[in-house]
Visitor: 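This structure is in structure tokens; I'll ask about it shortly.
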There are 2 protein chains.
Amino acid sequence: MKAMLHAATSGAPDIRARGHCLDCAIRQHAVCSDCSAPELEFLTNLKTYRNYKPGERLLEMGERAPFMGTVVEGVASMSRILPDGRRQVVGLLFPGDLVGRPFSPVSPFDYVSVTDLRVCAFNRPQFEAALRDTPALEQRLLEMTLDELDSAREWMVLLGRKSAQEKLCSFMVMAAQRALRLERRRPMDGILIELPLTREDMADFLGLTIETVSRQIGALKKSGVIELIDARHLLIPSWEALEEAAGGELAAA
Amino acid sequence: MKAMLHAATSGAPDIRARGHCLDCAIRQHAVCSDCSAPELEFLTNLKTYRNYKPGERLLEMGERAPFMGTVVEGVASMSRILPDGRRQVVGLLFPGDLVGRPFSPVSPFDYVSVTDLRVCAFNRPQFEAALRDTPALEQRLLEMTLDELDSAREWMVLLGRKSAQEKLCSFMVMAAQRALRLERRRPMDGILIELPLTREDMADFLGLTIETVSRQIGALKKSGVIELIDARHLLIPSWEALEEAAGGELAAA
DNA sequence: CGGGAATTTGACACTCCTCAACACACGTGG
DNA sequence: CCACGTGTGTTGAGGAGTGTCAAATTCCCG
């Protein structure tokens, strides 16, 4: 819970451009999914890739954000730290999700990589100009933003009203849904879930402490809702039982 | 009240069209703020006004939403109720705010009036067509949605990490900011705040119980951060002290 | 193998919830 | 006019669920 962001904003992440937008594996999930071939051609020439190690800060709350982009590989978090060090994660970014706040030069949250991460990045003014000039881009951004807003509000239900145990189950449901969607698969019994976050990140996402997270995972294991492979991998014998234990109401984000 | 919430969506609220968009007092805050005179002319002919008493449900979670609109007067809430009855308010709608989820025929949340309420309403398909055909409308909607997303995430920080007392103070700060913005005024010492919600709605918005809300308001009064006029009205001797007690980080929404 | 981080476990404290009773304002009808 | 019901808000006693602090354990990687 205490803010332990190890490295300062990295001055020069590993940057290199390669690959063409047409070949992008996650384009269908991204803001550029509805762009025409010529529009993609244009974007291809603007983009650069940025790679990060876990724990690096891509953008800092309250600071100028030099770029925007899309997660290509890995997971990142958006979070805020209160003056006394309490931290709340307000969103997880999976492949296809947008990094940065469009039309605001200053980032309203910290963006931090939680796994090895690759981001398809654009110079901010150029990206915003592209947004203004490309209806396909702007309409898709609107669509994505409306979906994110629904998700954020669902998470508010979790934070405000769910028990620690329900929070953990909801998180597992969400993590599984996000991972499966990328592979165009559906949840089912016996499925394997990877938890991409440390206990600390989970705690900060769920509004709990790491000790409570650890204990509730133990309780879920004992009650048979999950089977632990190791600290980061688990098996779901019954998807329905997991959803039941999550306290209901988790629409696919 | 319980009975009202559980009653079906009111079939025929008080509907009448009057007034012209050009004369609308809250247009500058609404989705139509950037529309040209001809565009407003078009919208004027589509709109109808709907009036509600406190506690009426405008739209129901999971049901077809026949209209969308803008709050003209009063306050409404968006909320979700878990299967076992726990309720979380995920947003408050002040004049200018949008009622309904664009591009989704089904409402993801309950919309309930919390005061006497007037809504400028549009038939959903017509409104969505107008959005698609009117860049000024769509761009403004994107802007508003991005702002709402920032606000929702700030509220997640409150729900996940703030104490009951900090939640109350944050709510007062937010309520004051929203009310003042409509009058183009700034927060200052000695200001009067109206709490438009019942203790129950406040509790459901803050992730607390009504008893805790009541007790914390009492504690704030005793410590001098607020002065109670009556149950719904209070005075802020020091705005800075209130923000301090709110635990920091509340950007104007 | 060694050292630090991540995770788990334990004992205890505290915030906030639960249940219950009470106070108050308001409207209705006898 | 007053008794009554209903919705709203306050107050009190006690307990459940999480947080806090401390230590043990496991994992990871050089």
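Chain naming here is simple, since letters A, B, ... match the order of the sequence lines and numbering starts at 1 in each. What you see below is based on every heavy atom in this structure, not just the backbone, and it leaves out hydrogens, waters and symmetry mates.
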Visitor: What's the CG-P distance between Leu159(B) and dC16(C), to the nearest Å?
Guide: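 Computing the Leu159(B):CG to dC16(C):P distance gives 13 Å.
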Visitor: So which nucleotide from dG19(D), dC21(D), dG12(D) ends up closest to the side chain of Arg215(B)?
Guide: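 That would be dG12(D).
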Visitor: Please pick, from dG9(D), dT18(D), dA22(D), the nucleotide with the shortest atom-to-atom distance to any side-chain atom of Gln216(A).
Guide: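 For the Gln216(A) side chain, the nearest candidate turns out to be dT18(D).
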Visitor: Base, sugar-phosphate alone, or nothing: which one does Arg232(B) contact when heavy atoms must sit under 4.0 Å apart?
Guide: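 Answer is sugar-phosphate: Arg232(B) comes under 4.0 Å of backbone atoms only.
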Visitor: Tell me the interatomic distance from Leu195(A), atom CG, to dA6(C), atom P, rounded to whole angstroms.
Guide: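 Atom-to-atom, Leu195(A) to dA6(C), this comes out as 16 Å.
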Visitor: Looking at Thr209(B), I'd like to know whether one of its side-chain N or O atoms comes within less than 4.0 Å of OP1 or OP2 on dC16(C).
Guide: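 False: Thr209(B) side-chain N/O out of range (4.0 Å or more) of dC16(C) OP1/OP2.
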Visitor: Quick one: on DNA chain C, does Val213(A) or Gly207(B) contact a more 5' nucleotide (nearest heavy atom)?
Guide: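 Nearer the 5' end of the strand: Val213(A).
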Visitor: CG of Asp201(B) versus P of dG9(D): gap in Å, rounded?
Guide: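 Spelled out: CG on Asp201(B) to P on dG9(D) is 9 Å.
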Visitor: Looking at the side chain of Ser214(B), which of dT11(D), dT7(C), dC16(C) is the nearest nucleotide?
Guide: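 Closest nucleotide to the Ser214(B) side chain: dT11(D).
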Visitor: Using a distance-only criterion (donor-acceptor N/O pair, under 3.5 Å, no hydrogens), is the base of dC21(D) paired with the side chain of Glu211(A)?
Guide: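 Present.
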Visitor: Answer yes or no: is there an ion pair linking Arg80(A) with Asp204(A), defined by an N-O contact shorter than 4.0 Å?
Guide: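 Asp204(A) and Arg80(A): not salt-bridged.
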Visitor: With no hydrogens and no angle check, just 3.5 Å: does a side-chain donor-acceptor pair link Lys162(A) and Ser170(A)?
Guide: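 Yes, because at least one side-chain N or O of Lys162(A) sits under 3.5 Å from a partner of the opposite role on Ser170(A).
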Visitor: Check the distance between dG19(D)'s C1' and Arg86(A)'s CZ and give it to me in whole angstrom.
Guide: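 Taking atom C1' of dG19(D) as the reference, CZ of Arg86(A) is at 13 Å.
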Visitor: Could you point out which residue of Lys167(A), Glu200(A), Met174(A) forms a side chain to side chain contact (heavy atoms under 4.5 Å, CB included) with Phe205(A)?
Guide: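 The option that passes is Met174(A).
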Visitor: Counting side-chain heavy atoms from CB outward, which of dC17(C), dT7(C), dA20(C) is closest to Thr212(B)?
Guide: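 Side chain of Thr212(B) sits closest to dC17(C).
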Visitor: Are the charged groups of Asp84(A) and Arg161(B) less than 4.0 angstrom apart, N to O?
Guide: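 Between Arg161(B) and Asp84(A) there is no salt bridge, as every charged N stays at least 4.0 Å from the carboxylate O atoms.
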Visitor: Are Arg153(B) and Glu148(A) within salt-bridge range, i.e. N to O under 4.0 Å?
Guide: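 Yes.
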Visitor: What contact category does Leu208(B) fall into here, base, sugar-phosphate, or nothing, at under 4.0 angstrom with non-hydrogen atoms?
Guide: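 Sugar-phosphate, backbone atoms only, no base.
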Visitor: For Arg199(A) and for Arg161(A), find the nucleotide of DNA chain C with the closest heavy atom, then tell me which residue's nucleotide is more 5'.
Guide: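 In this pair, the answer is Arg199(A).
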Visitor: For dC16(C), does the base pair up with any side-chain atom of Gln165(B) as donor and acceptor (N or O, under 3.5 Å, distance only)?
Guide: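 Per atom types, no contact qualifies.
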